[in-house]
Amino acid sequence: MTRPTTRPERPQFSSGPCAKRPGWSPDVLKSALIGRSHRAAPAKARIQEVSDRSRAILGLPEDWKLGIVPASDTGAVELVLWSMLGARGVDLLAWESFGSGWVNDAVKQLKLEDCRVIEADYGELPDLASVDFARDVVFTWNGTTSGVRVPNGDWIPNDREGLTICDATSAVFAMELPWNKLDVVTWSWQKVLGGEAAHGMLALSPRAVERLESHTPTWPMPKIFRLTKNGQLNSSIFDGSTINTPSMLCVEDAVDALRWAESVGGLQGLVARSEANLAAVHQWVDASNWTDFLARDPATRSCTSMCLQIVDPALADVDPKTVAARVKIMTKRLDDEGVAFDIGSYRDAPPGLRLWGGATVETSDLAALLPWLDWAWQESGKS
Ligand SMILES: Cc1ncc(COP(=O)(O)O)c(C=O)c1O
């Protein structure tokens with residue numbers, strides 16, 4: 001196979017921080033309220049604009065709260081685990097690295113007495129039918145490091161007693177989320193919207209707010225995790241008054257990303273862009289003799305973090321370290337060519353590739369990349 005000639009216009013296929021929206025330039029930050037107090041009226045309004053536009057695009061129910069919290073998606077999830085868990089038993093679902101991280105926090109850091117861990121290996125979903133919704137449930141909508149997503153919310157009952165706590169950072173704005181099945185949803189700007197990291201979004205259902213107001217954890221709560229004041233929700237956090245100082249540059253960038261999201265048709269447009277990316281990769285994978293989706297069940301294949309494993313028959317009996325070394329040669333070559341950056345699989349995942357297909361990635365760029373992958377795989381076998 002000869003070296004392809006057409007390069008992707010934008011070689012950014014990282015799974016986070018993800019590609020900026022098409023047409024982005026630093027000029028979008030020109031009106032940022034830099035050097036102003038984040039408590040000043042115009043700055044608060046700009047911060048609130050992020051929540052308002054997000055709410056409208058996502059169709060968040062009126063009675064939900066949406067706020068900006070410190071430390072990206074991780075901050076949002078940790079804050080929730082520390083504030084809400086312990087009121088009842090919890091089922092923790094994990095099928096890749098990030099879900100396993102939340103399991104670790106509940107079991108080893110919080111040392112919760114009544115935890116059930118429901119796990120599956122890379123490429124699979126755990127047994128969703130075994131989840132007990134009388135308990136709290138913590139799960140990741142899209143497992144970013146295995147490319148396995150839950151296909152829908154049908155496995156979650158409407159009349160559950162526990163709370164469903166969902167890390168949706170690599171799903172939101174690219175997949176429909178059934179809000180009536182969820183109680184807590186978290187994400188960061190750095191994923192599907194191509195915004196900046198370090199700020200987390202926290203969406204709370206009325207039942208989640210009720211939990212915050214009725215449950216006082218036995219452990220101390222750092223200031224950046226505190227959502228209540230005198231036993232009541234500190235509602236100013238959900239009205240443009242962040243817990244601590246946000247970056248007004250990042251806020252401006254998030255507003256720009258949301259305006260772009262509206263311009264491509266809102267949630268429907270974003271989902272369509274991401275699904276088109278999955279379809280393009282799917283078609284190519286179907287014809288490939290050396291790679292396949294890590295996600296076994298097609299219904300669980302992510303349209304954002306598309307994780308591929310190596311199935312080259314020539315390497316059938318080779319140990320994973322050798323396969324990983326070859327993938328490294330391949331991805332370095334692609335990087336050197338300026339064709340694809342950051343597409344190696346996550347460090348704890350099986351060796352392979354991870355292509356981001358969130359809404360900011362153009363399908364034409366993925367289509368241009370695919371022949372390069374075939375070429376680079378072939379080349380990597382020659383050294
Ligand atoms: C599912 C999931 N959870 C949590 C995180 C951590 O996000 P952040 O670094 O924005 O806190 C990531 C990042 O890739 C993720 O994919």
Side-chain angles (χ1 to χ4, degrees), residues 12-20 50 54 67-82 92-106 109 119-120 122-126 137-150 164-175 177 182 184-203 222 224-225 242-244 246-247 250-251 253-254 257 274 294-295 300-307 341-349 353-361:
Q12 282 89 9
F13 300 105
S14 150
S15 293
C18 301
K20 302 304 263 182
V50 175
S54 302
I68 299 169
V69 298
S72 213
D73 180 64
T74 309
V77 176
E78 300 280 23
L79 178 157
V80 166
L81 302 184
W82 258 251
L92 301 151
L93 275 57
W95 57 94
E96 50 78 63
S97 168
F98 285 104
S100 300
W102 309 141
V103 170
N104 184 67
D105 281 359
Q109 297 293 324
E119 286 177 302
Y122 278 88
E124 308 281 348
L125 270 183
V137 182
V138 178
F139 73 103
T140 303
W141 193 273
N142 180 74
T144 320
T145 66
S146 70
V148 173
R149 60 173 159 180
V150 292
T164 45
I165 297 171
C166 177
D167 170 0
T169 197
S170 57
V172 76
F173 294 109
M175 302 173 198
L177 296 180
L182 303 171
V184 177
V185 179
T186 66
W187 67 92
S188 161
W189 302 336
Q190 56 126 337
K191 289 277 193 258
V192 177
L193 292 180
E196 293 300 300
H199 302 75
M201 297 300 290
L202 174 61
I224 58 165
F225 283 6
T242 47
I243 300 175
N244 65 340
S247 155
C250 294
V251 166
D253 186 65
S274 192
L294 190 53
T300 67
R301 285 177 189 159
S302 172
C303 60
T304 56
S305 57
M306 299 180 280
C307 295
F341 300 140
D342 317 317
I343 62 165
S345 59
Y346 190 73
R347 56 181 183 264
D348 298 333
L353 302 175
R354 183 171 55 162
L355 307 175
W356 183 255
T360 56
V361 172

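Heads up: numbering here begins at 1 and tracks the sequence. Atoms within each ligand, like the ligands themselves, are counted from 1 in listed order.
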For [X], side chain to side chain donor-acceptor pair (under 3.5 Å) partners two or more places apart:
X	value
S54	none
E124	R296
W141	none

Give me the pairs of N or O atoms, one from ligand 1 and one from the protein, that sit under 3.5 Å apart.
unit_1, atom_1, unit_2, atom_2, d
ligand 1, 3 (N), D73, OD2, 3.3
ligand 1, 3 (N), D167, OD2, 2.6
ligand 1, 10 (O), S72, OG, 2.5
ligand 1, 10 (O), Q190, NE2, 2.7
ligand 1, 11 (O), D73, N, 3.3
ligand 1, 11 (O), T74, N, 2.8
ligand 1, 11 (O), T74, OG1, 2.5
ligand 1, 14 (O), K191, NZ, 2.6
ligand 1, 16 (O), T144, OG1, 2.4

- Task: Taking the side chain as every heavy atom from C-beta outward, state whether L294 and V148 have any pair of such atoms under 4.5 Å apart.
- Result: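 No - every pair of side-chain heavy atoms lies 4.5 Å or more apart.
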- Query: Is a donor on one side and an acceptor on the other found under 3.5 Å between the side chain of E96 and the backbone of T145?
  - Reply: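 Checking the backbone N and O of T145 against the side chain of E96, a donor-acceptor pair under 3.5 Å is found.
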- Task: Begin from the C-alpha positions of R354 and D342 and carry the test salt bridge (charged side-chain N to carboxylate O under 4.0 Å, His left out) through to its verdict.
- Result: CA-CA 8 Å; R354 183 171 55 162; D342 317 317; over 6 Å; no
